[in-house]
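Below, chains carry the letters A, B, ... as their sequence lines are ordered, and counting in each starts from 1.
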Number of protein chains: 2
Amino acid sequence: MSIRPDQAERPATIHDIAAFCGVAASTVSRALSTPERVNVRTRARIEEAAARLNYTPNSQAKALSSGRTGAVGVLVPDITNPFYFDLIRGTQLQLKAAGYTQLLVDTEESDEVEASAMEQLRKGADGIIVAASRLSDDVLLAAAAKIPIVAVNRDVPGVPAVIIDTPSATSQALDHLISLGHTRVAYVAGPATSQSSERRWTALAAAAEARGVEAHRLGPFAPTTQSGAAAADAAVHSGVSACIAFNDLIAIGMLQRLSARGIRVPEDMSIVGCDDIFGADFCNPPLTTMASPIEQAGRVAVSMLLARLNPLAGGGRRSRSVMPTHLTVRGSTGPAPKV
Amino acid sequence: MSIRPDQAERPATIHDIAAFCGVAASTVSRALSTPERVNVRTRARIEEAAARLNYTPNSQAKALSSGRTGAVGVLVPDITNPFYFDLIRGTQLQLKAAGYTQLLVDTEESDEVEASAMEQLRKGADGIIVAASRLSDDVLLAAAAKIPIVAVNRDVPGVPAVIIDTPSATSQALDHLISLGHTRVAYVAGPATSQSSERRWTALAAAAEARGVEAHRLGPFAPTTQSGAAAADAAVHSGVSACIAFNDLIAIGMLQRLSARGIRVPEDMSIVGCDDIFGADFCNPPLTTMASPIEQAGRVAVSMLLARLNPLAGGGRRSRSVMPTHLTVRGSTGPAPKV
DNA sequence: ATGTGACTGACAACCGATTGCCAAAAGTTT
DNA sequence: AAACTTTTGGCAATCGGTTGTCAGTCACAT
């Protein structure tokens, strides 16, 4: 009975519906996207036909003619870093809820890959969320002029951002260590290109100064468990009794290395991580860490981006959102060893 | 000097190049995609112009006219499960190498979400890789008829698949436990809808039968650390001295719960996990587990899919690939307790 | 010089929508 | 009933490419 006997083969188009209802394709388009522009009765017929023919709009075509792709690019430096898992989950959830598709790109910690991905996405997506961007301020700002961007953990004036406030948590961590009697503390730095790492060190150094304790800086180290081994050795050599690591991966790597070297945690050395990623609660000993609301950060980033894409639909246009963090104390920190 | 003074604003199109070189748009298209179809000199001019104008093909338009989207959908039941991280990384790497874009979708362990994602992707992607599909054989087969699909850890005749051979590793794990003196072993089952879980139990039950040891089945349990607590309690209650868990998440959850209940691992109870995910090596105690080449599985899945998409470019059309696994012994298994 | 075929490049239709503009239809007002 | 306004729906252009078809060019063989 169908006009298109091959409907099982090829997905129905707007033209099929038009033919089926005896109206023009443009009318169908309007009925579906601008309902008030079409007579109620016609619209009902069209909607019914659409349902019967199992119509799904072709996103490619829609994107081409309307300019909107319905996709958002999410750029992360390293997909396998558990920190980004939670972020990705947050963005994915929120994007799906808003009817957007997520394009996930691993930039491999490279500014070049990141830049080329952005250029690519400029036509393939309506907006971009970029985590821990490796791009310089200038380049990032220039990119933001071409396509809506929300940065995560990257502060550049003029670029909307979600910042996880680890610097202030770093001071908390320091106070925690001080209260346990530690006086010589090391900051185990992350990648040299990481702005977060830099900001954390600045905060830590200032806090240490104010409280009159020694703060060493070690690194930079890659944010992986592997490089945690080198970090552990450096920490032992530096003679400190406690370390605040750039992130949990490094901290966990340190835990493993210290254990292998027979150095007890926390009896001989206390370790504080950052992010509270998957695994931080069940490593040995469980890691004291600065817990970040990562997934929430992802959701907020999406909200900010979408608010920018659809200015009409209310919502404050905050251009900077700071997410609070707090110290979660577990077993990897303890009283300073008595010399 | 440019013909398009606004080139900084709007990305260059094929028509801009055509105008710039004084040729037809179709010639530009051919020069770029079918080089041998165009005179060498003309092609050179076009390529130079393309470079000068900083031309990037519009993927939407390309998709619309050619029918190929250059994207591959990757469906996973739960993005936050570390098992899939590695899989995603494998697919991402291989897809990028081949010039494809990865569309990542979290199906939330729901067959409905999975089915609708597939329907959606039918026009938005050239092919689909689906991990641990929750769909019934019929539905999956029907979907595979509409769009090229490669399944991971899901065996349906007629659907190309990459299977991680955990069932045989399960027997290895059992032998390992038997060699440690265990005679009453439990299998901690995964989700009821998981084919892998089913196959593993079948293999384990058969092996246990052959070796004359008791094998209990517990569960089903959700594949999360949370449900590991319930699993641990069930295991203790069942009176077994060793457990083989559906995956590492459950196993790690069991470790935590057992520790909280004061039951020592491996002295009182041995635990074997599956997958060797991130964290399995640094939990407490480190987990004995069946190591799966997950990332490699992702790469193989992509290769199989691409071979299907571009039949010309050689490559055997294997339609089923079994990935070997092996037992990695760590600290969570030990001699059976003397009663 | 003419025929043949390989090579080039242009024209135009098409992919599946969106959208500005216009005319027909319907409803209102005087 | 004529004039005017508001709906309502259709035409056709457009987005940026791809691709089938065809005509023109040129070289070579006859």
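- Whole-Å rounding puts the B/Lys62 NZ to C/dG16 P distance at 18 Å.
- Atom-to-atom, CZ of A/Arg41 to C1' of D/dG9 comes out at 15 Å; the value is rounded to the nearest Å.
- As judged by a 4.0 angstrom heavy-atom cut-off over every strand, A/Thr42 is placed among residues touching the sugar-phosphate backbone only.
- Checked against C/dT18, C/dA10, D/dC11, the side chain of A/Ala24 finds its nearest nucleotide in D/dC11.
- Listed pair B/Ser29 / D/dG17 fails the phosphate criterion, with no side-chain N or O lying under 4.0 Å from OP1 or OP2.
- Among the nucleotides D/dG10, D/dG17, C/dT8, the one closest to any side-chain atom of B/Asn39 is C/dT8.
- Between B/Ser65 and the phosphate of C/dC14, there is no side-chain N or O to OP1/OP2 separation shorter than 4.0 Å.
- Ionic pairing of A/Arg134 and A/Glu108 is not present here: no N-O contact between side-chain nitrogen and carboxylate oxygen is shorter than 4.0 angstrom.
- Remark: P of C/dG9 and CD1 of B/Ile14 are 15 Å apart, rounded to the nearest angstrom.
- Residue B/Arg30 places no side-chain atom within donor-acceptor reach of the base of D/dG17, judged by atom type and a 3.5 Å distance cut-off alone.
- Counting to the nearest Å, the C1' atom of C/dG16 and the OH atom of A/Tyr55 are 8 Å from each other.
- A residue-by-residue look at A/Leu64 and B/Glu36 shows that B/Glu36 has its nearest nucleotide of DNA chain C further toward the 5' end.
- Note that the CD1 atom of B/Ile147 and the NZ atom of B/Lys123 stand 11.5 Å from one another [nearest 0.5 Å].
- Taking every side-chain heavy atom of A/Ser33 into account, C/dT18 is the closest of D/dG16, C/dA17, C/dT18.
- Rounded to a whole Å, the NZ atom of A/Lys123 is 13 Å from the C1' atom of D/dC15.
- Defined by atom type and a distance below 3.5 Å, a donor-acceptor pair is present between the side-chain atoms of A/Asp78 and A/Thr80.
- At a threshold of 4.0 Å, the pair B/Arg308-B/Asp126 does not count as salt-bridged, since none of the basic side-chain nitrogens sits closer than that to a carboxylate oxygen.
- The nucleotide whose nearest atom lies closest to any side-chain atom of A/Ser26 is, among C/dT18, C/dG16, D/dG10, D/dG10.
- Comparing D/dG16, D/dT18, D/dG10 by their nearest atom to the side chain of B/Ser66 picks out D/dT18.
- One donor-acceptor pair, N or O on each side, does fall under 3.5 Å between the base of C/dG9 and the side chain of B/Arg37.
- Salt bridge annotation for B/Arg320-B/Asp155: present, with a cationic side-chain nitrogen under 4.0 angstrom from a carboxylate oxygen.
- Each of C/dC11, C/dG16, D/dG17 was ranked by its minimum atom distance to the side chain of A/Thr13; first place goes to C/dG16.
- As judged by a 4.0 angstrom heavy-atom cut-off over every strand, B/Arg68 is placed among residues touching the sugar-phosphate backbone only.
- As a whole-Å value, the separation of B/His15 NE2 from D/dT18 P is 10 Å.
- Take the nearest nucleotide of DNA chain D for B/Gln60 and for A/Ala25: the residue whose nucleotide is more 5' is A/Ala25.
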